[in-house]
Structures are given as C-alpha cells and as structure tokens.
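Data block below; observations after.
Atoms considered below: every heavy atom in the structure, side chains included; atoms not considered: hydrogens, waters and symmetry mates. Not measured: the values here are computed from a predicted model. FYI, the numbering just counts along the sequence from 1.
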Amino acid sequence: MTHDSSALRKALNGISGILVTPFDTNDTVSTSPLSAVVDRAVDAGVHVLVANGNTSEFYALREKEAVHMVHAAAECVARRVPLLAGVGRSVHEACALARASREAGADALMVHQPPDPFVSPRGVVAYVRKIAEAGQGLPIVLYLRNDNIGLAAIEELCRIPEVIGIKWASPTPLVLAEAIRRTADRNLAWVGGLAEVWAPSFYAVGARGFTSGLINVVPRRSVAIHSALEAGDYAQATRLIGEMLPFEELRAQENNGTNVTVVKAALQLMGNDCGATRAPSAWPLTAAQQDRLRDLMLGWGLAR
C-alpha cells in the first residue's frame with residue numbers, strides 16, 4: 001500500500017475529527033453507530049478522521065478494542081478522507097497498535113504523548129523511533145499535550161523522518177511559534193490540538209489545522225469555523241466559535257471529565273446513540289448539565 005504524504009500533509013491543514021468509540025448497553029464496543037457519525041463528518045467536509053484519539057476514550061480501551069476500532073473506522077471511512085490511527089501506552093502496545101493500524105489501512109499514525117510520570121526527553125524520542133519502525137514507513141503525527149520535554153527534544157522528534165505533523169495541545173502559542181520556526185525546513189503540518197476555541201490563536205502563529213470532537217455531533221459548524229479562518233475572517237470565526245462555546249464549556253467541566261460525556265449525551269439526544277463513557281470519565285451528566293445540553297441542542301435544531 002502506498003501512502004500519499006503530500007495529500008495527507010495538505011489534509012492536516014484542515015480539521016482532524018476525533019471519532020467517538022461506541023459502546024452498547026453491556027459496555028462492549030459496538031461499531032454499528034459509527035457509520036452515521038463518519039458519514040455526517042465526511043459529508044460536511046471534515047478533512048481527516050482519527051480513530052483511537054482522546055475523544056475515542058483511548059485510555060479506557062483494551063488493546064484489542066483499539067485494534068477493533070481502527071479496523072471499524074477504516075471500513076466506515078472507506079478511503080474517502082485520510083484516517084489517522086492513535087497509538088500509545090506502553091512501547092510494546094504502541095508498536096503492536098502501529099502494526100495493526102497499518103494492516104487496517106490507516107493512512108498515518110498519531111502517537112499519543114506518554115502520560116508516564118517518569119518521561120525523559122530522550123526516552124520520548126526513543127519511543128517514537130520504535131513506533132516509526134513498527135509502522136514500516138507509515139507517516140506519523142505527534143500528539144503533544146504539553147511542551148514539558150522542551151524545545152530541543154521537540155525539534156529532535158520533528159526531525160524523525162516519518163514525522164509529517166504535530167498536533168499541539170498545549171495552550172502555549174508562543175512556544176508553538178518557536179517550534180515552527182526551528183523546524184521550518186521540514187514543512188511539517190502543525191495542527192491546533194485544543195479544538196475550535198483555540199483555533200484562531202494557533203492559526204495566527206502557523207498551525208493551520210485544528211482538532212475537533214464537535215464533528216461527531218455537528219461537523220458543519222467546525223467546517224464553517226475553518227472556512228472563516230482560511231478566508232482571513234477572524235471576526236466571523238470568533239462569532240461562530242461563540243455560538244458553540246457553551247458546548248465546549250460543558251465539556252470542560254469536572255476537570256475536563258465531561259469532555260466525551262457531553263459528546264455522547266448529545267449523540268443520544270440526536271438519536272445516534274453511541275452509549276455511555278467509561279470511568280474515570282463522568283457518566284451520566286448531572287440533571288443541570290443535561291438540561292443545559294438539551295436546550296443547546298434544541299436551539300441548534302438537533303435534539304429529537
């Protein structure tokens with residue numbers, strides 16, 4: 001299988017939509033509700049889809065469930081847009097997932113930043129190199145949730161040959177700008193990893209793409225925000241972000257523990273039930289949170 005890195009690189013300048021992982025009432029992965037989510041996102045114009053990201057509850061999945069999800073996502077996406085496959089946890093699990101993702105037909109790997117409490121900068125570089133080897137040439141997008149490993153290590157990571165992009169999920173646009181400057185010769189894709197709310201700030205310093213969990217529910221709103229940024233219409237982008245801000249504020253409650261909860265509760269209100277979230281995520285929403293979400297979804301014309 002050949003992977004068109006240039007097309008993928010261009011697509012990463014758009015929206016990377018992080019897919020939910022559906023569960024049934026027995027808390028078993030049930031992929032049948034996923035096709036409606038994927039079709040809605042592709043039809044709206046979302047540029048890249050991601051299986052096994054954080055909105056996918058990656059750290060709540062068993063390894064075999066993550067393998068099942070990347071295969072299911074690849075089947076639903078059917079090569080209509082590029083598919084990124086999240087890999088992570090222990091280096092052996094990450095490498096196994098890299099191999100499984102390649103077999104499933106993923107276009108690239110998204111490497112989660114290790115949450116291990118004892119992470120060394122050079123250890124992260126070794127970690128990504130091992131995953132790159134297991135991926136046998138698959139392009140890699142780094143997922144940096146913080147920049148604590150330092151700019152020297154970030155630059156070294158960016159110079160691993162398989163790396164074509166970085167999902168920057170740290171609220172530090174000036175550090176991002178410096179990382180972009182240091183690696184300008186590599187023409188990497190820089191993706192704002194803090195979704196729509198942070199997209200204008202990151203866009204202004206050079207991260208043209210952004211991630212989104214909102215795309216599971218109402219992808220056309222995310223696409224409209226991206227289109228406004230591409231047109232240089234920051235006023236329109238800000239207005240559109242303001243309209244979806246209550247949704248993101250609900251997701252940020254309880255120490256960000258309702259992040260996926262709100263998305264799955266919204267999907268239930270739409271009749272595209274993807275089940276509950278798994279602990280330690282919050283489930284269900286409180287009565288006040290549910291009422292707030294229902295009002296918002298009714299206002300958007302989405303609640304059944």
Just say parallel, tilted or perpendicular for the rings of F210 and H226, cut-offs at 30° and 60°. tilted

Set out, in order, the CA-CA distance, both residues' side-chain angles and the distance that settles side chain to side chain contact (heavy atoms under 4.5 Å, CB included) for R40 and M270, then state yes or no. CA-CA 12 Å; R40 193 159 52 238; M270 291 170 65; 3.7 Å; yes

Which of V124, I131, V141 passes side-chain contact (heavy atoms from CB on, under 4.5 Å) with V111? Answer is I131

Does a side-chain N-to-carboxylate-O contact under 4.0 Å join E93 and R62? no

Any sub-3.5 Å donor-acceptor pair from T183's side-chain atoms to R186's backbone N or O? no

One thing to verify: whether R79 and D107 come together as a salt bridge, which I'm taking to mean a side-chain N less than 4.0 angstrom from a carboxylate O. yes

Test: R159 and D185 ion pair at under 4.0 Å: yes

Ignoring hydrogens and angles, tell me if any N or O in the side chain of E63 forms a donor-acceptor pair with the backbone of L97 under 3.5 Å. no

Could you state whether L267 and W283 fall into the same hydrophobic cluster, counting links through intermediate Ile, Leu, Val, Met, Phe, Trp or Tyr residues with side-chain heavy atoms under 4.5 angstrom apart? no

Is there a continuous path of hydrophobic side-chain contacts, each under 4.5 Å between heavy atoms, that joins V50 to V38? no

Are L8 and I166 connected into the same hydrophobic cluster when the rule is that any two of I, L, V, M, F, W, Y join if their side-chain heavy atoms are below 4.5 Å apart? no

Hey, quick one: are I140 and W168 part of the same hydrophobic cluster, counting side-chain heavy atoms closer than 4.5 Å, chains of contacts allowed? yes

Test: R89 cationic atom under 6.0 Å from F58 six-membered ring centre, within 45° of axis: yes

What about Y143 and I215, same hydrophobic cluster or not, with Ile/Leu/Val/Met/Phe/Trp/Tyr joined at side-chain heavy-atom distances under 4.5 Å? no

Below 4.0 angstrom, N of the basic side chain to O of the carboxylate: do K130 and E133 qualify? no

Test: D39 and R80 ion pair at under 4.0 Å: yes

Expected output: side-chain R99 to main-chain A134 donor-acceptor under 3.5 Å: no

